[in-house]
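A quick write-up on the structure given underneath.
Position 1 is the first residue of the sequence, and the numbers go up from there. Being a predicted model, the structure only gives us computed values, none of them experimental.
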Amino acid sequence: MKYYNNIFFILLSVVIMGASCSKNFLDEDPYSSYRTGATDVQSIEAQVIGLHLTYAELWGMSSQQGFLSCWQIGTDVTSAGATQGVENPFYQYANLNSENAGVSYLWQKCYDFINHANVIIAAVGETNVKASAEARFFRAYAYNILVTLWGDVPLLKDPVASPAFNYTRQPVSAIDQLIEEDLTFAIANLPDLGQTANESRINKDIARQLAAEAYLRIGMRDNGYFAKAEQAATDIINNTNYKLIESRYGKYVSESGDFYRDMFRYGNQRRSQGNTEAIWTFEMEYNRMVNGGTIDNPQHRRVWQPAYHKWDGMVNADSLGGRGNGRLRLSNFMKYTVWTGLNGDIRNSNFNIRRTTNYNRPGFSATIGLTAGGYRVASNSSSAVTTKTIKTGDKVIPFEADSLEVWYPFPTKWGGYDATDDFGYALVKDWPVMRLAETYLLRAEARLRQNSSAGAPADINVLRNRAFKNARTETGNPDLGKVSAADITIDFILDERARELIAEENRRTTLVRMGKLKERIAKNGDVAPVDKVTTGFQDFNTLLPVPLSEIQLNKGAELKQNPGYN
C-alpha cells in the first residue's frame with residue numbers, strides 16, 4: 001500500500017522543517033502519527049493513514065494463525081481443517097469463553113479504531129471535513145462490528161487522554177445513533193469515486209456500502225431503516241462507473257480462466273487494473289508497505305487453501321494459488337447442497353471452486369496402490385487392492401484423509417504465488433472488501449424486507465445473468481438461472497451470498513446481523529470426523545463474551561458480561 005510508506009516521508013519532512021526553522025531544534029518534540037491535538041495537515045494525514053494501518057493489522061493478524069477462521073468456522077459454509085487453536089471454540093462452542101484470543105483481539109482493534117478516530121475528529125473540528133469524514137467512517141465501521149457481535153458496548157465519543165476504569169455498556173440504540181451520524185457525515189463529505197488521494201482510501205460509496213449493511217441491521221429493530229438501506233445501495237448502483245465484470249480482462253486473458261476469477265488475481269484487483277466491480281479493494285502492495293512488504297504475515301491464503309504441497313508429484317504454482325495450510329474447509333452444504341440445480345454457474349467453475357487438479361511436478365512418475373474406494377494408499381500399507389502408475393499431467397488421486405487438510409474443494413479467491421517466496425510467508429495480493437455484487441445483494445435484502453415482490457428478484461437476477469452468462473450462450477436458454485418473487489426468501493439471499501461472496505464476507509457477522517446463526521449452523525451438513533463437527537451451540541453463543549481482561553481492569557464500574565459466559 002503505497003501511502004503507508006508516505007508516513008515516513010511526511011514525518012521526515014516535518015522534522016526537517018522544524019530543524020531548519022527553529023532555534024530550539026534540540027528541544028524534545030517527538031513526532032508521531034498520533035500526536036494528540038496536532039492540527040497541521042501533515043500530522044492529520046498521518047493519523048488518518050494510521051487508521052488504514054489498523055485495518056491491516058486487524059485482518060492481517062498472524063500471531064494467532066486461525067484468527068480469520070473465527071469468523072467463518074462453525075457456520076453454515078465452513079468446517080474445521082488443520083486448526084491452530086484460537087478458532088476451535090468457534091465451532092466447539094462449549095469452550096467459547098471470555099479469555100479467547102480472537103475475541104480479545106477483535107474487541108481491542110475495534111477500540112483502537114474508535115480512539116484513533118476520536119483523536120482526529122477532536123483535533124480537526126470543522127477545519128478538515130475530509131479527514132473527519134474518513135475518521136468517522138472507521139469509527140462507524142468499528143462500532144458496527146461491536147454492536148453486531150457483542151450487543152451493548154461502551155460508547156466513546158472523545159479521545160481517551162488518561163487511563164479510565166469506569167466504562168459501562170451503553171444500549172445498541174445509542175451506538176446506532178452515532179453510527180448513523182458518522183455515516184451521514186461521511187457520505188456528505190468524503191470524496192467521490194476517483195477523487196481520493198489513493199484508490200484504497202475511503203470514498204462516499206464505501207461509506208454508502210457500510211451504511212446499507214448497518215441500516216439493514218438497525219432495520220431489524222426499526223423497519224423504517226430498510227428503506228434507508230435500499231437508498232444507500234441504490235446510490236452506488238446508479239453510479240454508472242461501477243459495472244459487474246462480465247468478460248475476461250487484465251493480465252491473464254491469455255491463460256485459462258474465466259471472467260469471475262479474473263477479479264481476484266494479483267494485478268487485476270484494483271479499478272486502475274480494470275476491475276470495474278471494485279468498490280473497496282484494500283491495497284496490500286508487495287514490498288511497498290511497512291516492515292518490508294506486508295503486515296507481518298496475513299493468513300488468508302493459508303486459511304482458505306489446502307496443503308496440496310504435501311503430495312509428492314506437486315509443486316507450488318500460481319495456477320493452484322500457491323501454498324496453503326488448510327486451516328478450514330468448505331462444509332458439505334457449501335461444497336454440494338448450495339449448488340444443487342445450478343449447473344453452469346460460473347462461480348462454481350473449477351477456476352473458482354477448485355475441485356480437481358493434476359500432478360504438476362516436472363518429470364514425476366510413480367506407482368501407487370488404490371483402495372476399493374479409489375483412494376490412494378501409503379506405500380507401506382497392505383490395504384491396496386490395485387496399483388496404478390501416475391505421472392505429470394494426470395489427475396491427482398488423493399489419500400482418504402486428505403479431505404481434512406491436503407485437498408478438498410476450495411475457493412480460489414485468496415490464491416497467489418510469488419516465486420521468490422515459495423514457502424508462502426507473504427500474502428502478495430490485495431484484499432477484496434466491497435464490490436458491486438454485494439451491493440445488489442444488500443439491496444435485494446432491503447427490498448425483500450419491505451415486501452417488494454419485484455425489486456428483490458430483479459437484483460438477484462442481475463447477478464444470475466452474470467453467473468450464467470457463458471452457460472446461457474452454450475445452451476441457448478436466456479432464462480437459465482433466473483429467479484422469481486416466489487423464490488426469494490431471507491434464506492435464499494443467504495444462499496446467494498454464500499455462492500457470490502464465499503471467502504470474502506465475514507460470514508459470522510452476516511448471520512448474526514440477520515438473526516440466522518443458530519438456524520444456519522444446522523445446514524452445515526458435516527457429520528464426521530467427530531472432532532471437526534460443530535457442537536455445543538447455545539442461544540447465548542450468538543453474542544460473543546466481553547474479554548475478561550476488560551472486565552478485570554474496569555475497577556470503577558461494572559462492565560457486565562454477556563449472559564451465559566462466566
Salt-bridge present (Arg520, Asp495; N to O < 4.0 Å): yes
Check: Asp402 and Lys310 side chains under 4.5 Å, non-hydrogen atoms: no
Side chains of Tyr105 and Glu57 in contact at under 4.5 Å (non-hydrogen atoms): yes
Side-chain donor/acceptor pairs under 3.5 Å, residues 521-528, sequence neighbours excluded:
unit_1	atom_1	unit_2	atom_2	d
Asn524	OD1	Ser79	OG	3.3
Asn524	OD1	Asp526	N	3.0
Asn524	ND2	Thr75	O	3.0
Asn524	ND2	Thr78	O	3.2
Asn524	ND2	Ser79	OG	3.2
Asp526	OD1	Asn332	N	2.8
Asp526	OD1	Asn332	ND2	3.2
Asp526	OD2	Ser79	OG	2.7
Asp526	OD2	Arg329	NH1	3.3

Side-chain H-bond candidate by donor/acceptor type, Ser272 with Glu199, under 3.5 Å: yes
Point-to-point distance, once rounded to the nearest 0.5 Å, from CD of Gln72 to CZ of Phe90: 11.5 Å
Cation over ring face, Arg261 and Phe351, 6.0 Å, 45°: no
N/O donor-acceptor pair under 3.5 Å between Tyr308 side chain and Gly324 backbone: no
Asn198 CG to His52 NE2 distance, which is reported to the nearest 0.5 Å: 8.5 Å
Minimal non-hydrogen separation, Asp76 against Ser331, with atom names: O-OG, 2.6 Å
Sequence neighbours excluded, every pair satisfying ring pair (Phe, Tyr, Trp, His ring centres under 6.0 Å) that has a member inside residues 367-408: Trp311-Trp407, Trp407-Phe410
Worked verdict on Asn461 versus Val483 for side chain to side chain contact (heavy atoms under 4.5 Å, CB included): CA-CA 6 Å; Asn461 281 330; Val483 298; 3.3 Å; yes
Min side-chain heavy-atom separation Tyr417-Asp422 under 4.5 Å: yes
NZ/NE/NH1/NH2 to OD/OE distance under 4.0 Å, Asp491 and Lys516: yes
Any donor-acceptor pair under 3.5 Å from Asn350 side chain to Arg355 backbone: yes
Rounded distance (nearest 0.5 Å) linking atom CG of Asp459 with atom CG of Leu442: 10.0 Å
Closest non-hydrogen atom pair, Arg217 against Arg513: CB-CG, 3.6 Å
Backbone N/O of Glu246 and side chain of Lys469: donor-acceptor pair under 3.5 Å: yes
Partners meeting ring pair (Phe, Tyr, Trp, His ring centres under 6.0 Å) with Phe468 (sequence neighbours left out): none
Residue pair Gln305 / Gly322: nearest heavy atoms and the distance that separates them: NE2-O, 3.5 Å
Name the atoms and distances for all side-chain donor-acceptor pairs under 3.5 Å in residues 62-70, with sequence neighbours left out.
unit_1	atom_1	unit_2	atom_2	d
Ser62	OG	Asp296	OD2	2.5
Gln65	OE1	Arg327	NH2	2.7

Over all atoms of both residues, closest heavy-atom pair of Pro89 and Asn100: CG-ND2, 3.7 Å
Chi angles and distances behind the side chain to side chain contact (heavy atoms under 4.5 Å, CB included) call for Leu244, Asn465: CA-CA 10 Å; Leu244 293 179; Asn465 288 340; over 6 Å; no
Any side-chain donor near an acceptor of the partner, Tyr242 and Asp205, under 3.5 Å: yes
Nearest heavy-atom neighbours spanning Asn360 and Ala317: ND2-CB, 3.8 Å
Heavy-atom side-chain proximity of Ile236 to Leu436 below 4.5 angstrom: yes
N/O donor-acceptor pair under 3.5 Å between Asn144 side chain and Tyr141 backbone: no
Any donor-acceptor N or O pair under 3.5 Å, side chains Asn88, Thr83: yes
Verdict with reasoning, Leu427 to Met284, per side chain to side chain contact (heavy atoms under 4.5 Å, CB included): CA-CA 8 Å; Leu427 182 73; Met284 286 289 289; 5.5 Å; no
Phe492 six-ring face occupied by Arg499 cation (under 6.0 Å, within 45°): yes
Whether Tyr55 and Trp431 hold their rings parallel, tilted or perpendicular, with breakpoints at 30° and 60°: tilted
Chi angles and distances behind the side chain to side chain donor-acceptor pair (under 3.5 Å) call for Tyr565, Asn541: CA-CA 9 Å; Tyr565 298 104; Asn541 293 129; 3.2 Å; yes
Backbone N/O of Gly194 and side chain of Asn203: donor-acceptor pair under 3.5 Å: no
Reported CZ-to-CZ distance for the pair Arg347 and Arg466, which is rounded to 0.5 angstrom: 7.5 Å
Ion pair check, Glu405 and Lys532, cut-off under 4.0 Å: no
Spatial distance of atom CG (Leu480) from atom CG (Asn470) [nearest 0.5 Å]: 11.0 Å
Leu106 vs Trp71 side-chain heavy atoms within contact, under 4.5 Å: yes
Polar side-chain atom of Trp304 near backbone of Leu328 as donor-acceptor pair, under 3.5 Å: no
Arg271 side chain to Thr276 backbone, donor-acceptor under 3.5 Å: yes
CD-CZ distance between Gln269 and Arg435, expressed to the nearest 0.5 angstrom: 11.5 Å
Short side-chain to backbone donor-acceptor contact, Glu438 and Met434, under 3.5 Å: no
Residue pair Thr54 / Asp112, side-chain donor-acceptor N/O under 3.5 Å: no
Check: Lys429 side chain, Gly415 main-chain N or O, donor-acceptor pair, under 3.5 Å: yes
Any donor-acceptor N/O pair, Asn348 side chain to Asn343 backbone, under 3.5 Å: no
Side-chain heavy atoms of Leu370 within contact of Ile368, under 4.5 Å: yes
Heavy-atom side-chain proximity of Asn275 to Ile245 below 4.5 angstrom: yes
Side-chain heavy-atom pair Leu149, Trp107 within 4.5 angstrom cut-off: no
Listed partners of Ala498 passing side-chain contact (heavy atoms from CB on, under 4.5 Å), at least two apart: Val77, Met334, Arg507
Arg361: partners by side-chain contact (heavy atoms from CB on, under 4.5 Å), with sequence neighbours left out: Val315, Phe364
Closest contact, heavy atoms only, Tyr249 versus Asn268: OH-O, 2.7 Å
Intermediate values then yes/no, side chain to side chain contact (heavy atoms under 4.5 Å, CB included), Ile397 and Tyr359: CA-CA 9 Å; Ile397 301 174; Tyr359 295 106; 4.1 Å; yes
